[in-house]
Undergrad: 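For reference, the structure I am asking about is given below.
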Amino acid sequence: MKHTFRVLLLVSLCILTISGFSTKVHAQVGLNNLVCPHVPYSEGMLNLEITPGGIVPATFSAGMIGVFNDVGNAGGGLDWMTTQGASASGATLAPTNELGTQLITWWTQMDNRTTKIQVTNHGDGTGPHTTEGLEVHIRLYSSDCNEIRDFCDIYTPSDTHIYDLSNLVTNTGIDIGEVNLADKEGLLIITPVDDCHTASREEQAIDHNFLSGNVYISDTIRTVSGTPHGYAYGANMYARRAICNAPSCTGILDGSENARLDTVLPDSMYGLFNTNTSASGSDVVLLSFMDDYGPPYFPLPGFRSYSALIFDNNEIVQTCGDVTACFLRLGINSSFPARQDFTAP
């Protein structure tokens, strides 16, 4: 069964505020694949103010920001944006430094890029519903928020596996096939479940705060005049923790207050951007979805509204409009295009 995320883009005029006066210009979040096309800053801070949006509100939202330096054998950095008010429970405060239950990341196979995902099960096999191995359900969504691939896998205690999205094989050696992932990107979600192989698909999400993951995105094919101009991104996956309080929670997450995945709805997200050269690319990735605990458990459409602000080093701010979406990948401004649109000189 396929579920479709419908993306609704709400755009507004960009209000430019500099040195005590305001000027309205025709620019908005998402125009020409940029967050704010008219921002001239080569370095500064991107700030996103976030509110509920869309018909179906999200229960998880997060953002990633990446920056490249140089064009020949470029170095790149990618990380989750810093948040304020990220967790209703306070349980998930440092997602890149924690173990968690559900793993979440951006993935891409666009424009010569390829993505590898490493997953490690740090559990010892004694937890609820894991004595015969930890079963996980892996789902990939495209940028238009359609689910385009899902499959089950199983992990023994202290087990690690790497998923190469250009040659997709499970931890148990089953060839999944990656043909419909080519030239696409989007959201990847890995959820531990009690029984991923039942024909009735009555699986339920389980409490298993023993997972960690890493994402590695590389572009090693690109050449300019025969010279390699590759780069690599690397980051930890978001480790979303489960809330499971005995005696009402027996390890099955049914969506009740004491048996659910942590609600992660930041009020704002921000990240620094900079470059050492004029030829550089940057990616801002926004991810959002909601939990349907079923059974079966399923990540469904969830929307958030983002208002973008960019500050320079003197704290002069430009307001860049609003957008409501479940997935977006944009550049910061014309000097920081999304890497997909980057053309080396």
Side-chain angles (χ1 to χ4, degrees), residues 1-8 50-63 86-89 91-92 95 100-107 119 128-130 134-153 186-209 211 213 237-245 248-266 286-305 324-328:
M1 178 179 179
K2 303 298 183 184
H3 291 251
T4 301
F5 287 67
R6 301 184 183 275
V7 179
L8 175 62
I50 312 172
T51 56
I55 298 174
V56 182
T59 49
F60 175 90
S61 64
S87 169
S89 70
T92 306
T101 289
Q102 188 178 64
L103 300 179
I104 302 158
T105 188
W106 162 50
W107 68 274
V119 176
H129 313 287
T130 65
L134 175 69
E135 298 188 47
V136 298
H137 203 142
I138 301 170
R139 301 182 182 274
L140 289 91
Y141 299 86
S142 60
S143 59
D144 57 5
C145 298
N146 291 319
E147 184 200 75
I148 57 175
R149 174 68 82 229
D150 79 295
F151 60 93
C152 298
D153 212 346
L187 174 66
L188 186 149
I189 304 172
I190 300 176
T191 309
V193 296
D194 60 342
D195 187 356
C196 197
H197 301 279
T198 56
S200 62
R201 290 295 197 187
E202 291 300 304
E203 67 195 45
Q204 292 181 281
I206 64 171
D207 169 32
H208 188 76
N209 287 325
L211 288 184
M237 296 178 70
Y238 197 111
R240 186 185 183 196
R241 294 183 63 83
I243 298 171
C244 184
N245 297 320
S248 57
C249 180
T250 61
I252 295 292
L253 305 181
D254 59 14
S256 59
E257 183 62 25
N258 292 315
R260 59 183 174 84
L261 291 160
D262 190 22
T263 300
V264 181
L265 296 175
L286 306 178
L287 312 169
S288 179
F289 64 92
M290 69 162 290
D291 303 289
D292 182 349
Y293 289 90
Y297 171 81
F298 207 103
L300 286 175
F303 295 89
R304 299 282 276 169
S305 293
T324 298
C326 62
F327 176 88
L328 281 176

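Keep in mind that this is a model prediction, so the values were computed, not measured.
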Undergrad: Quick check: closest heavy atoms across Q204 and P295, and the distance to 0.1 Å?
TA: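 Nearest heavy atoms, Q204 then P295: CG-CB, 3.7 Å.
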
Undergrad: Can you name the nearest heavy-atom pair linking P192 to L211, along with the distance?
TA: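 Looking at all heavy atoms of both residues, the shortest contact is CG-CD1, 3.7 Å.
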
Undergrad: For Y297 and L261, which heavy atoms make the closest approach, and how far apart are they?
TA: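 For Y297 versus L261, the nearest heavy atoms are OH-CD1, 3.7 Å.
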
Undergrad: Donor-acceptor pair, distance only, cut-off 3.5 Å: does the side chain of T101 make one with the backbone of D207?
TA: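 Here the side-chain-to-backbone pair does not exist.
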
Undergrad: Between C196 and H137, which heavy-atom pair has the shortest distance, and what is it?
TA: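 Where C196 meets H137 most closely, the heavy atoms are SG-ND1, 3.5 Å.
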
Undergrad: Distance from I206 atom CD1 to I252 atom CD1, nearest 0.5 Å?
TA: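 The CD1 atom of I206 sits 7.0 Å away from the CD1 atom of I252.
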
Undergrad: Using every non-hydrogen atom in the two residues, find where A325 and S288 come nearest and quote the distance to one decimal.
TA: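 The answer is O-CB, 4.1 Å.
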
Undergrad: According to ring pair (Phe, Tyr, Trp, His ring centres under 6.0 Å), who are the partners of F60, at least two apart in sequence or on a separate chain?
TA: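 Here the qualifying residues are Y238, F289.
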
Undergrad: I'd like to check the side-chain contact (heavy atoms from CB on, under 4.5 Å) partners of S248; sequence neighbours left out, ordered by chain and number.
TA: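 side-chain contact (heavy atoms from CB on, under 4.5 Å) check on S248 returns N258.
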
Undergrad: Under the side chain to side chain contact (heavy atoms under 4.5 Å, CB included) criterion, do I138 and V119 qualify, and how do the steps go?
TA: CA-CA 11 Å; I138 301 170; V119 176; over 6 Å; no

Undergrad: Rounded to the nearest 0.5 Å, what separation is found between the CG atom of L300 and the OG1 atom of T59?
TA: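 Going from the CG atom of L300 to the OG1 atom of T59 covers 9.5 Å.
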
Undergrad: Rounded to the nearest 0.5 Å, what separates atom OG in S143 from atom CH2 in W107?
TA: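 So the gap between those two atoms works out to 8.5 Å.
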
Undergrad: Can you sort out the partners of D194 under salt bridge (charged side-chain N to carboxylate O under 4.0 Å, His left out), two or more places apart, ordered by chain and number?
TA: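 Salt bridge (charged side-chain N to carboxylate O under 4.0 Å, His left out) list for D194, sorted by chain: empty.
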
Undergrad: Looking at SG of C244 and CZ of R260, how far apart are the two atoms once the value is rounded to the nearest 0.5 Å?
TA: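 So the SG of C244 and the CZ of R260 are separated by 11.5 Å.
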
Undergrad: Please name the pair of heavy atoms, one in P52 and one in S305, separated by the smallest distance, quoted to 0.1 Å.
TA: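 P52 and S305 have their closest heavy atoms at O-OG, 3.7 Å.
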
Undergrad: With D153, which residues qualify under side chain to side chain donor-acceptor pair (under 3.5 Å), at least two apart?
TA: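 D153 satisfies side chain to side chain donor-acceptor pair (under 3.5 Å) with Y163 once adjacent residues are dropped.
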
Undergrad: Partners of S256 by side chain to side chain donor-acceptor pair (under 3.5 Å), sequence neighbours excluded?
TA: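 Here the qualifying residues are D254.
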
Undergrad: Who passes side-chain contact (heavy atoms from CB on, under 4.5 Å) against T105, sequence neighbours left out?
TA: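 M64, I117, L188, V215, M237.
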
Undergrad: Holding to side chain to side chain donor-acceptor pair (under 3.5 Å), I want the full list of residues that pass it with T191, two or more places apart in sequence or in another chain.
TA: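 Listed in chain order: Q102.
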
Undergrad: Sort out for me which residue in D291, N209, T263 forms a side-chain hydrogen bond (donor to acceptor under 3.5 Å, both in side chains) with R240.
TA: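 Between R240 and the candidates, side-chain hydrogen bond (donor to acceptor under 3.5 Å, both in side chains) is satisfied uniquely by D291.
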
Undergrad: So, taking the atom named CZ in F151 and the one named CZ in R139, what distance separates them when rounded to the nearest 0.5 Å?
TA: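 That separation rounds to 11.0 Å.
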
Undergrad: Is a side-chain N or O of R304 found less than 3.5 angstrom from the main chain of P266, in a donor-acceptor match?
TA: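 Judged by distance alone, yes, a pair lies under 3.5 Å.
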
Undergrad: Just by modelled atom types, is the P299 backbone N or O under 3.5 Å from a matching donor or acceptor in the Y141 side chain?
TA: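 It does hold such a pair.
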
Undergrad: Of L140, I104, L103, which meets side-chain contact (heavy atoms from CB on, under 4.5 Å) against I190?
TA: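 Option passing the side-chain contact (heavy atoms from CB on, under 4.5 Å) with I190: L103.
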
Undergrad: Measuring from T130:OG1 to H208:NE2, what's the distance to the nearest 0.5 Å?
TA: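 Here the interatomic distance stands at 6.0 Å.
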
Undergrad: Would you please name every residue forming a side chain to side chain donor-acceptor pair (under 3.5 Å) with W106, sequence neighbours left out?
TA: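 Scan of W106 (side chain to side chain donor-acceptor pair (under 3.5 Å), adjacent residues dropped) gives E185.
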
